[in-house]
Amino acid sequence: MASSSTVPPEVTKKFKNRVTSFKSVKTLSESPDFNSIPFSYKFITNPHDKNEIVADPDDNDPIPVIDYSLLATGAPDKRTKTIRDIGKACEEWGFFMLINHFVSKSLVEKMVDQVFAFFNLREEEKQEYAGKEVVDPIRYGTSFNASEDRVLFWRDFVKIIVHPEFHSPVKPSGFRETSEEYSRRTWKLGRELLKGISESLGLELNYIDKTMNLDSGLQILAANLYPPCPQPELAMGMPPHSDHGLLNLLIQNGVSGLQVLHKGKWINVSSTSNCFLVLVSDHLEIMSNGKYKSVVHRAAVSNGATRMSLATVIAPSLETVVEPASELLDNERNPAAYVGMKHIDYMELQRSNQLYGKSVLNKVKI
C-alpha cells in the first residue's frame with residue numbers, strides 16, 4: 001500500500017533557493033491612491049464557468065456539521081452514527097464543519113492574532129523567508145506560484161512546515177510558542193478524525209495513520225492574507241482547486257470568502273466562530289479510490305475588510321507512495337482508479353502545473 005523512509009534532508013535545510021523579492025498584495029493595496037488593479041491580477045473566468053451559480057447553503061441540503069466530541073468521547077451508538085455522518089459528508093460534499101473539537105477558542109484567536117502580526121511585519125523582514133521550493137521550511141510568497149502563474153492571485157501567504165520537524169519564523173514575538181501549541185493540537189485532531197474516516201470506509205481504526213506513515217507525516221500551517229481589492233469582480237484570491245494531503249483544517253478571521261463546489265454550484269461558506277472547516281484533500285480521494293471526493297474550492301475577494309484564513313494541512317510523509325487501499329479494490333467491480341505516486345512528487349507536480357480545478361489529481365487518474 002505505502003512505503004516510507006526518513007524525511008528528505010532538504011526539508012530541514014533553510015531557504016536553500018531564494019527568489020528575488022516581489023511586491024506583496026498587501027503592499028500594493030496600501031499604496032496611495034490605489035483604486036484599480038494591475039492587468040496581471042485580472043482573472044479571466046473559464047468559458048465553461050460563464051453561467052456559474054453562486055448560492056448560500058440550501059436548507060434542504062445544508063453543509064454537514066460534525067460534532068467531534070461524539071466521535072472522541074460519545075456513547076458507542078452516538079460514535080457509530082457520527083462515523084456514518086463523517087463518511088456521508090466526505091462522499092457527498094468532501095467538506096464539513098467541525099464543532100466541539102477541543103481546540104480552545106482562546107488558542108484559535110491567539111493564533112489568528114499572531115498570523116496578522118506576521119503579515120504586519122516590515123516587508124523586508126518577511127522577504128527573508130521568500131523561497132521557491134515546496135519543501136522550504138518557511139516560505140513567504142504571493143499568488144500561488146508567482147514565477148509561473150499566468151494571472152496573479154490576490155493573496156499573500158506564508159507556509160510553515162511544523163511536522164515532522166517544527167519550524168517557526170523568528171518574528172513576531174510569541175509566534176513560535178503559539179504556533180507550536182496550535183500545531184500540536186490540530187495534528188492530534190487531524191489524526192483522530194482520520195481514524196473515524198478509516199472506520200467509515202470499513203477499514204481498521206489506524207489504517208490511514210499507519211499506511212500514510214503519519215508518525216513522520218507532513219503538517220503545514222498555510223496562512224493566507226486577502227487584502228481589500230478595489231475591483232473584486234476582476235480578481236480572484238485563489239482559483240478553483242483541490243489540495244494535496246489528506247485533510248485541510250481551516251479557520252477564518254470572521255470575514256467570509258471561501259466557496260466550495262457542490263452539485264455544480266458555488267456555495268458560500270460563512271465564517272463561524274470556533275468552528276473548523278474540514279476539507280477532504282486529494283490523497284484521501286486517491287486512498288479511498290474515489291469513494292471520498294476532494295472538494296474543489298476557491299477564495300473570493302472583496303473591497304471591504306481584510307480576510308485571513310489559516311489552513312492546517314494533514315498529509316502523508318513526503319516519501320509515502322499514496323495509492324488506492326487494496327482492501328477497497330475489486331478487479332472487476334472496483335479496480336484501482338489512480339496510479340501510486342510519492343507525496344513529494346505529487347507536490348512538485350502541483351507546483352509545476354496550472355492550478356485549476358482537479359488538474360493535478362486528473363494526471364494520476366487511470
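Side-chain atoms of Q127 do not come within 3.5 Å of backbone N or O of A130 as any donor-acceptor pair. Judged by distance alone, the side chain of D209 and the main-chain N or O of L214 form no donor-acceptor pair under 3.5 Å. The backbone N or O of V108 lies less than 3.5 Å from no partner atom in the side chain of N274, so there is not a single donor-acceptor pair. For the pair H163 (side chain) and G217 (backbone), a donor-acceptor distance under 3.5 Å is present. Counting only distance, with no hydrogens or angles, the side chain of S302 and the backbone of C229 share no donor-acceptor pair below 3.5 Å. For the pair N253 (side chain) and M308 (backbone), a donor-acceptor distance under 3.5 Å is present. Under the 3.5 Å distance criterion, the side-chain polar atoms of E133 are left unmatched by any main-chain donor or acceptor of V135. Not a single donor-acceptor pair under 3.5 Å links the side chain of R79 to the backbone N or O of L70. N289 contributes no side-chain N or O that, together with a main-chain N or O of L329, makes up a donor-acceptor pair within less than 3.5 Å.
L221 and L121 end up in the same hydrophobic cluster when Ile, Leu, Val, Met, Phe, Trp and Tyr side chains are linked at under 4.5 Å. Clustering ILVMFWY residues whenever any of their side-chain heavy atoms sit less than 4.5 angstrom apart, transitively, puts L201 in the very cluster that holds I286. Under the 4.5 Å side-chain heavy-atom criterion for ILVMFWY residues, no single connected hydrophobic cluster contains both I267 and M236. The hydrophobic cluster containing V103 also contains L193, counting ILVMFWY residues as joined when their side-chain heavy atoms lie under 4.5 angstrom apart, directly or transitively. A chain of hydrophobic side-chain contacts below 4.5 Å, direct or via other Ile, Leu, Val, Met, Phe, Trp or Tyr residues, connects F276 to I86.
Using a cut-off of 4.0 Å between Lys/Arg side-chain N and Asp/Glu carboxylate O, E285 and K358 are scored as salt-bridged. Ion pairing between D136 and R139 fails under the 4.0 Å rule for side-chain N and carboxylate O. Checked for salt-bridge contact, E128 and K171 miss the test: no charged N lies under 4.0 Å from a carboxylate O. A salt bridge between E123 and K126 is present, with a side-chain N of the basic residue lying under 4.0 Å from a carboxylate O of the acidic one. D85 and K78 are not joined by a salt bridge, as no carboxylate oxygen comes within less than 4.0 angstrom of a charged side-chain nitrogen.
In this structure, F166 CZ and I160 CD1 are separated by 7.5 Å, a value rounded to the nearest 0.5 Å. Atom CD of residue E109 and atom OG of residue S104 lie 8.5 Å apart, to the nearest 0.5 angstrom. Between L249 atom CG and I314 atom CD1 the span is 5.0 Å, to the nearest 0.5 Å. To the nearest 0.5 angstrom, K291 atom NZ is 11.5 Å from L284 atom CG. The CD1 atom of I99 sits 4.5 Å away from the CG atom of D67 when rounded to the nearest 0.5 Å. Atoms CD and CE, on E323 and M341 in that order, are 12.0 Å from each other to the nearest 0.5 Å.
Within the 4.5 Å cutoff, no side-chain heavy atoms of N213 are placed close to those of P316. Between K42 and I37 there is a side-chain heavy-atom pair separated by less than 4.5 Å. In this structure, the side chains of V170 and Y129 come closer than 4.5 Å at one or more pairs of heavy atoms. Between E177 and E180, every side-chain heavy-atom pair lies at or beyond the 4.5 Å cut-off. Contact of the I83 side chain with the S200 side chain is registered, since non-hydrogen atoms from C-beta on lie closer than 4.5 Å. The shortest distance between side-chain heavy atoms of P240 and R298 falls below 4.5 Å. Using a 4.5 Å cut-off on side-chain heavy atoms (C-beta onward), L28 and P38 make contact. With contacts defined as side-chain heavy-atom distances shorter than 4.5 Å, the pair L247/I197 qualifies.
Scanning all heavy atoms of the two residues, the minimum distance from G237 to F153 falls at O-CB, 3.2 Å. When all heavy atoms are compared, the tightest approach of T142 to R155 is OG1-O, 2.9 Å. Of all heavy-atom pairs spanning Y182 and L310, the tightest one is CE2-CD2, 3.7 Å. Among all heavy-atom pairs drawn from L71 and G196, the shortest one is CD1-CA, 4.2 Å. M347 and V134 get closest at one heavy-atom pair: CE-O, 3.9 Å. Summarising the geometry of V269 relative to M97, their closest heavy-atom pair is CG1-CE, 3.9 Å, with the distance given to 0.1 Å.
Using a 30° and 60° split on the angle between ring planes, H241 and H297 fall in the tilted class, from 30° to 60°. Classification of the Y140-F119 ring pair by plane angle, with boundaries at 30° and 60°, yields tilted. Note on ring orientation: taking the six-membered ring where Trp is involved, the planes of H244 and H283 are perpendicular (angle over 60°, cut-offs 30° and 60°). Note on ring orientation: taking the six-membered ring where Trp is involved, the planes of Y68 and F102 are perpendicular (angle over 60°, cut-offs 30° and 60°). Between Y356 and F43, the ring planes are parallel. Angles under 30° get that label, and only those over 60° would be called perpendicular.
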Determine, stepwise, if the pair V54 / N268 fulfils side chain to side chain contact (heavy atoms under 4.5 Å, CB included).
-> CA-CA 7 Å; V54 179; N268 293 313; 3.7 Å; yes

Test log, rule side chain to side chain contact (heavy atoms under 4.5 Å, CB included), inputs K342 and L318 | CA-CA 7 Å; K342 275 187 182 182; L318 288 174; over 6 Å; no

Go through the steps to decide whether R351 and E348 satisfy the test salt bridge (Lys or Arg N to Asp or Glu O under 4.0 Å), and finish with yes or no.
-> CA-CA 5 Å; R351 188 188 64 156; E348 292 288 358; 3.2 Å; yes

T306 and L225: side chain to side chain contact (heavy atoms under 4.5 Å, CB included), yes or no, with the steps?
-> CA-CA 7 Å; T306 295; L225 188 78; 3.6 Å; yes

Step by step, would you call T186 with Q219 a side-chain hydrogen bond (donor to acceptor under 3.5 Å, both in side chains)?
-> CA-CA 9 Å; T186 51; Q219 182 187 14; 3.2 Å; yes

Please lay out, stage by stage, how L234 and Y41 fare under the test side chain to side chain contact (heavy atoms under 4.5 Å, CB included).
-> CA-CA 8 Å; L234 299 180; Y41 286 93; over 6 Å; no

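Partner of H262 under the ring pair (Phe, Tyr, Trp, His ring centres under 6.0 Å) criterion, out of W93, F96, F95: W93 alone.
For Q114 and S179, the side-chain atoms include no donor-acceptor pair closer than 3.5 Å. With 3.5 Å as the limit, one finds a donor-acceptor pair spanning the side chains of S242 and D282. Remark: the S216 side chain and the E319 side chain contain no N/O donor-acceptor pair separated by less than 3.5 Å.
More than 12 non-hydrogen atoms from other residues, nucleotides or ligands lie less than 6.0 angstrom from NZ of K26. For CG of N331, the number of neighbouring non-hydrogen atoms (other residues, nucleotides, ligands) closer than 6.0 Å is 12 at most.
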